[in-house]
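Single-structure report; data block below.
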Amino acid sequence: MSQDQDHFRDSIGTIKEDGKRAWVFPKKPSGKLYTYRKYVSYVLLTFLIASPFIKINGNQFLMFNVLERRFNIFGFPFYPQDFHLFVISMIIGVVFIALFTVAFGRIFCGWMCPQTIFMEMVFRRIEYWIDGDRGAQMRLDRQEWNAEKIRKRALKWFIFFIISFIIANVFLAYLIGSDRLIQYITDGPAQHISTMVSLLIFTAVFYFVFAWFREQVCIIACPYGRMQGVLLDNKSIVVAYDHKRGEAENGRKKWRKNEDRAALGHGDCIDCFQCVNVCPTGIDIRNGTQLECVNCTACIDECDTIMEKVNLPKGLIRYASENEITKKEKFKFTPRLKGYTAVLVILTGVLIGMMFLRNDLEANILRLPGQLYEHKEGNIISNVYTYKLLNKTTKAVENVHFELISPKGEIKLVRHENFDVEPEALAEGTLFIEINASALSGDKNNLKIGVYSNDKLIETTTARFLAPRSYK
Ligand code: SF4
Ligand code: SF4
């Protein structure tokens, strides 16, 4: 593409020359892919809204309680102690998205991103229902504030507010847990003013995003969108205009009945601008792959409808790579893809292994800082420790005590009796470990300690034991 043709890259299509916002009035999409996207959106919306309210073994299916640092992923509770698992999950997520993007471009944005789903499948459809299609929306926008415009705007903004409020509630259920949210609702907002204020702030943010900011999220705010430039190459499959076919030797040209376009050297694009009119980010896909394109497929459907009408083959705009269009190359599993896949498989294996090895009770026994050892009667050396037991399950761990597995010795709890660790709670305390000096092998000894519940070994942990040097 020459520099002349590249001028569209100098500015964003949704900003006018005077710097003001060029509001996008996309035509209502229709077609095979739009219907599939609607079905996918129903499934994803149900998943998104229901997830915080589904419980598995008493654990919320998905929860991201950042404030209390408690996370549930697919019903598995994660604590700050599981941070390594969380980090691996995040890395897997990033590699997975990178792999997908290298191979299939922004397919995630068009089909799965919550922003696109809520914008195109919820808010936009309400807008079509109230304001009508593109032409009617443009007319209404230009129209003076008469009764019709006031009624339509008030109705639309009210519904947008209600939906934003519902989304904010679901968002809060992810953050603080659905049980607590329901509790707060039953108590009434007056008793939880700060939560109510947060809820209204979230509502305002969602309202701002879906009623006004809209496609700007994908164009200028989304970090994933920014990464496209480095992830995409000529082999990536994206929503693409077949410029070879569309332009041919003599370029695109308006449709004229009974004209032999092939003989005149004109491409199959009839320059009807329907692909531009339907685009929710306001771009012309015929200019080539652009950062603004969220791969929503609306232009594919629209162009296919036009091709059908003028009796030309469908697929002038389709999922294709640049190499497929220019060199007729089919999709290849490139070395880069193989590399990403290998990393993904290894990381997933590590994560699954670590998840299975993870204990329901996590024990940490640490020597009390600043304390050395005590030499007691009968050649006994004593060290003092603090212990922390985290119960990651929703059931109490009962009748807990510690035993020294190696070397031989005795563990004495300061509280002198066995104890219970409540569900999803942390039990802390102090204990002494006493070992006969003859059983020690030096001034620094490694201990293996067993944690027992109802006399059953449920976890082992290690600790350091200090003794005088003379016992080396
Ligand atoms: S919809 Fe198809 S035919 Fe019409 S302008 Fe776009 S690419 Fe050309
Ligand atoms: S160019 Fe096509 S696929 Fe990309 S955002 Fe616009 S309508 Fe959607």
Side-chain angles (χ1 to χ4, degrees), residues 1 5 8 13 22-41 105-107 109-111 116 119-121 124-125 127-129 131-141 215 237-290 292-322 324-326 328:
M1 194 171 279
Q5 288 169 301
F8 69 91
W23 194 262
V24 184
F25 297 97
K27 182 174 184 255
K28 190 176 175 183
S30 62
K32 195 172 73 181
L33 289 169
Y34 185 63
T35 310
Y36 291 156
R37 277 178 58 222
K38 272 201 261 184
Y39 295 147
V40 172
S41 77
R106 280 176 95 166
I107 199 163
C109 302
W111 291 79
T116 314
M119 186 64 244
E120 302 306 322
M121 297 298 169
R124 192 88 73 189
R125 288 175 72 184
E127 199 160 71
Y128 290 131
W129 172 61
D131 292 353
D133 208 342
R134 175 180 157 84
Q137 284 185 20
M138 289 164 94
R139 258 194 312 280
L140 192 70
D141 187 58
E215 75 288 340
I237 294 175
V238 291
V239 172
Y241 166 66
D242 187 338
H243 52 93
K244 287 268 174 201
R245 195 187 127 193
E247 307 294 315
E249 303 93 65
N250 293 330
R252 54 188 86 142
K253 186 176 178 274
K254 294 270 178 221
W255 177 252
R256 276 220 200 114
K257 232 180 168 183
N258 302 327
E259 187 178 58
D260 189 351
R261 294 174 71 87
L264 292 167
H266 289 299
D268 282 355
C269 174
I270 63 164
D271 213 12
C272 63
F273 272 88
Q274 291 311 306
C275 53
V276 183
N277 291 344
V278 82
C279 178
T281 61
I283 59 165
D284 187 342
I285 190 69
R286 296 172 300 168
N287 288 331
T289 305
Q290 293 147 77
E292 294 92 326
C293 174
V294 292
N295 275 224
C296 74
T297 71
C299 54
I300 299 185
D301 276 335
E302 203 58 31
C303 190
D304 277 353
T305 311
I306 300 292
M307 290 293 110
E308 236 174 13
K309 280 187 189 151
V310 297
N311 223 0
L312 286 168
K314 288 190 206 173
L316 180 57
I317 302 176
R318 62 178 186 275
Y319 276 121
S321 69
E322 180 61 20
E324 189 200 322
I325 290 170
T326 49
K328 304 274 171 246

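Start at 1 with the first residue, then count along the sequence.
- Note: D304 CG to C275 SG = 11.5 Å, rounded to the nearest 0.5 Å.
- Between the CZ atom in F25 and the CG atom in D141 there is a gap of 3.5 Å [rounded to 0.5 Å].
- For K38, the NZ atom sits in a packed shell: over 12 heavy atoms of surrounding residues, nucleotides or ligands are nearer than 6.0 Å.
- Formation of a donor-acceptor pair under 3.5 Å by the Q137 side chain with backbone atoms of G132 is found in this model.
- Between H266 and R256, every side-chain heavy-atom pair lies at or beyond the 4.5 Å cut-off.
- What you find for D133 and P26 is that their closest heavy atoms are OD1-O, 4.3 Å.
- Remark: K254 NZ to I270 CD1 distance equals 8.0 Å, nearest 0.5 Å.
- Partner of V239 under the side-chain contact (heavy atoms from CB on, under 4.5 Å) criterion, out of I317, T289, I107: I317 alone.
- Taking each heavy atom of I285 and C293 in turn, the nearest pair found is CD1-SG, 4.2 Å.
- Across R124, E215, R37, R106, a single residue satisfies side-chain contact (heavy atoms from CB on, under 4.5 Å) together with T116, and that is R37.
- Heavy atoms of other residues, nucleotides or ligands lying less than 6.0 angstrom from CZ of R125 number more than 12.
- Shown here for A240 and A320, the closest heavy-atom pair between the two residues is CB-O, 3.8 Å.
- Counted within 6.0 Å of CH2 on W129, heavy atoms from surrounding residues, nucleotides or ligands total 12 or fewer; the atom is thus considered open.
- The main-chain N or O of V238 is never found under 3.5 Å from a side-chain atom of E322 such that the two would form a donor-acceptor pair.
- Evaluation of the side chain to side chain donor-acceptor pair (under 3.5 Å) test over residues 267-282, restricted to residues two or more places apart or in two chains, returns R134-N277, R245-D268, D271-R286.
- Listed by chain and number, the residues in a side-chain contact (heavy atoms from CB on, under 4.5 Å) with D260 are A262, A263 (sequence neighbours excluded).
- Dense packing is recorded around NZ of K253, with more than 12 heavy atoms of other residues, nucleotides or ligands lying under 6.0 Å away.
- Considering only heavy atoms from C-beta on, L33 comes within 4.5 Å of W111 through its side chain.
- Between the NZ atom in K244 and the CG atom in L316 there is a gap of 14.0 Å [rounded to 0.5 Å].
- The side-chain heavy atoms of P29 and V278, taken from C-beta on, include a pair separated by under 4.5 Å.
- No donor-acceptor pair under 3.5 Å is formed between the side chain of T297 and the backbone N or O of I300.
- Using modelled atom types, one finds no donor on one side chain facing an acceptor on the other under 3.5 Å when comparing Y34 with E120.
- Within the model, atoms CH2 of W255 and CZ of R261 stand 6.5 Å from one another, a figure rounded to the nearest 0.5 Å.
- In terms of modelled atom types and a separation under 3.5 Å, the side chain of Y128 and the main chain of K27 share a donor-acceptor contact.
- We find the SG-OH distance between C269 and Y241 to be 4.0 Å, quoted to the nearest 0.5 Å.
- Judged as a side-chain contact (heavy atoms from CB on, under 4.5 Å), and not counting sequence neighbours, A248 has no contacts.
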*For K314 and K32, run side chain to side chain contact (heavy atoms under 4.5 Å, CB included): C-alpha distance rounded to whole Å, both residues' side-chain angles, the deciding distance at 0.1 Å, then the answer.*
CA-CA 12 Å; K314 288 190 206 173; K32 195 172 73 181; 5.9 Å; no
